[in-house]
Amino acid sequence: MNWYEKLNQYFPVEEMKSKEHLELLLKEKGDIYHKDEGDHYVIMYVETDDFIFIDYLFVSKEARGEGLGKKLLNKLKERGKPIILEVEPLDYEDSDSKKRFRFYERAGFKHASSIGYSRKSLATDEVNTLEILYWSPENDSEESIYEKLKQTYKNIHTYKDKELYGKSYQKAEEVLSYNGSLESENEKT
């Protein structure tokens, strides 16, 4: 099974970019968009001078629980930059979602409670809400994470969207929101 099939089987359709989109990013944005893969994993990520954004992280069922995901994250952490990712909201009925949140929590990721993310899927026309998690060696503010996420949305998620999908994704300002008062409240507790 190739890398795209692995991702496509694991991630919901509303979160998936087309294979053409991902290949175009690797080819035309190869200076910042990367793919690393092995027999049991695929990781697609953006790396700029000041942060890393994990677009997709897949570890096969056969390799889960063996520390492979942690190893992949630690490899990125060694670069000393904030790491940002989007995940499905925690669903207490869904054991996969609970395991995913616990995995990232144990890896030192924080929930960016002041950042909202809701985007209409071009594939399903449904609104897809995601949670933002981040790890930061310098304890970056959620406002800083929000700005980096906006940059990723504009440069990666919507890259040539009209050309690739026949229509455009919403603008970053419609998809992403920042409520700084939530961050201040969280710092007090």
Side-chain angles (χ1 to χ4, degrees), residues 1-91 94-112 117 119 121 123 128 130-138 140 145 148-149 151-153 155-161 164-165:
M1 186 180 329
N2 75 32
W3 62 270
Y4 188 78
E5 289 167 340
K6 290 175 185 174
L7 295 177
N8 208 28
Q9 274 190 350
Y10 183 71
F11 288 93
V13 65
E14 56 273 359
E15 289 180 32
M16 280 301 297
K17 291 175 181 65
S18 70
K19 185 174 186 188
E20 186 182 11
H21 189 168
L22 292 171
E23 287 174 337
L24 205 57
L25 288 169
L26 289 166
K27 181 181 175 193
E28 296 180 6
K29 298 255 185 190
D31 56 328
I32 61 166
Y33 197 82
H34 310 282
K35 174 182 65 160
D36 182 10
E37 66 179 310
D39 291 340
H40 296 289
Y41 73 92
V42 177
I43 184 170
M44 311 283 290
Y45 64 97
V46 175
E47 183 171 8
T48 69
D49 291 340
D50 59 345
F51 73 96
I52 294 170
F53 172 83
I54 298 175
D55 205 4
Y56 299 100
L57 173 58
F58 164 81
V59 174
S60 69
K61 277 189 166 73
E62 303 83 48
R64 286 194 200 137
E66 296 177 5
L68 179 56
K70 182 180 180 181
K71 205 178 292 180
L72 292 168
L73 288 178
N74 285 341
K75 197 167 139 184
L76 293 177
K77 283 179 177 182
E78 287 170 5
R79 298 176 187 170
K81 303 172 187 181
I83 302 172
I84 307 165
L85 51 94
E86 306 157 346
V87 295
E88 293 169 75
L90 180 59
D91 177 353
D94 177 17
S95 67
D96 264 3
S97 124
K98 283 194 288 192
K99 285 177 187 169
R100 194 174 303 115
F101 261 84
R102 262 200 317 270
F103 166 74
Y104 286 117
E105 206 171 61
R106 282 194 310 267
F109 282 75
K110 295 179 187 172
H111 178 240
Y117 184 111
R119 178 176 82 167
S121 166
N128 188 31
L130 296 171
E131 301 292 338
I132 306 305
L133 301 180
Y134 69 100
W135 174 86
S136 172
E138 302 293 325
D140 282 53
I145 298 301
K148 290 168 175 50
L149 192 57
Q151 184 183 331
T152 299
Y153 184 84
N155 294 328
I156 302 299
H157 291 348
T158 63
Y159 185 67
K160 295 191 175 181
D161 53 357
L164 292 161
Y165 303 105

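- Among all heavy-atom pairs drawn from Pro82 and Asp50, the shortest one is CD-O, 3.2 Å.
- In this structure, the side chains of Met1 and Gln9 come closer than 4.5 Å at one or more pairs of heavy atoms.
- Of the possible polar contacts, none joining the Asn8 side chain to the Tyr4 backbone as a donor-acceptor pair under 3.5 Å is found.
- No side-chain heavy atom of Val42 sits under 4.5 Å from any side-chain heavy atom of Tyr56.
- Within 6.0 Å of NZ on Lys75 lie no more than 12 heavy atoms contributed by other residues, nucleotides or ligands.
- A donor-acceptor pair under 3.5 Å is formed between the side chain of Thr158 and the backbone N or O of Tyr153.
- In this structure a side-chain-to-backbone donor-acceptor pair under 3.5 Å is present from Lys6 to Asp39.
- Taking 4.5 Å as the limit, every side-chain heavy atom of Glu66 sits out of range of all side-chain heavy atoms of His40.
- Ring geometry, His111 versus Phe101: the interplanar angle falls from 30° to 60°, so the pair is classed tilted.
- In this structure, Ile156 and Lys17 have side chains that are in contact, with non-hydrogen atoms separated by less than 4.5 Å.
- By the neighbour-count criterion of 12 heavy atoms within 6.0 Å, atom CG of Asn2 is densely surrounded, having more than that number from other residues, nucleotides or ligands.
- Residues Leu73 and Ile83 share a closest heavy-atom pair of O-CD1, 4.3 Å.
- Enclosure of atom NZ in Lys29 by more than 12 non-hydrogen atoms of other residues, nucleotides or ligands within 6.0 angstrom is indicated.
- Side-chain contact between Ile84 and Ile132 is present, with at least one heavy-atom pair separated by less than 4.5 Å.
- Residues Leu133 and Lys110 are not in side-chain contact: their nearest non-hydrogen atoms beyond the backbone lie 4.5 Å or more apart.
- Across all non-hydrogen atoms, the minimal contact from Lys81 to Asp49 is CE-O, 3.6 Å.
- Residue Leu7 holds its CG atom at 9.0 Å from CD of Glu37, rounded to the nearest 0.5 Å.
- Contact between Pro89 and Leu130 at its shortest, heavy atoms only, is CD-CA, 4.3 Å.
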- Message: Run the side chain to side chain donor-acceptor pair (under 3.5 Å) test on Glu20 and Ser18 for me, step by step, so that the C-alpha distance in whole Å, both residues' side-chain angles and the decisive distance to 0.1 Å come before the verdict.
- Response: CA-CA 5 Å; Glu20 186 182 11; Ser18 70; 4.9 Å; no
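- Here the closest non-hydrogen pair linking His21 and Tyr159 is NE2-O, 3.5 Å.
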- Could you please spell out the steps behind the side-chain contact (heavy atoms from CB on, under 4.5 Å) verdict for Thr48 and Lys148? CA-CA 10 Å; Thr48 69; Lys148 290 168 175 50; over 6 Å; no
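- Interatomic distance, CZ of Phe53 versus CD of Glu47, reported as 14.0 Å (0.5 Å rounding).
- Between atom CG of residue Asp140 and atom CH2 of residue Trp135 there is a gap of 10.0 Å, rounded to the nearest 0.5 Å.
- In this pair, Tyr104 and Phe109 present their aromatic rings perpendicular. The plane angle is above 60°, beyond the 30 to 60° band.
- Counting heavy atoms from C-beta on, the side chains of Ser121 and Val13 never come closer than 4.5 Å.
- Atom CG of Leu85 and atom OH of Tyr45 lie 14.5 Å apart (nearest 0.5 Å).
- The two residues Arg119 and Glu14 have their closest heavy-atom pair at NH2-O, 4.1 Å.
- Here the side chains of Ile43 and Leu76 are in contact, with some heavy-atom distance below 4.5 Å.
- Note that CD of Glu88 is 5.0 Å distant from CZ of Arg100, once rounded to the nearest 0.5 Å.
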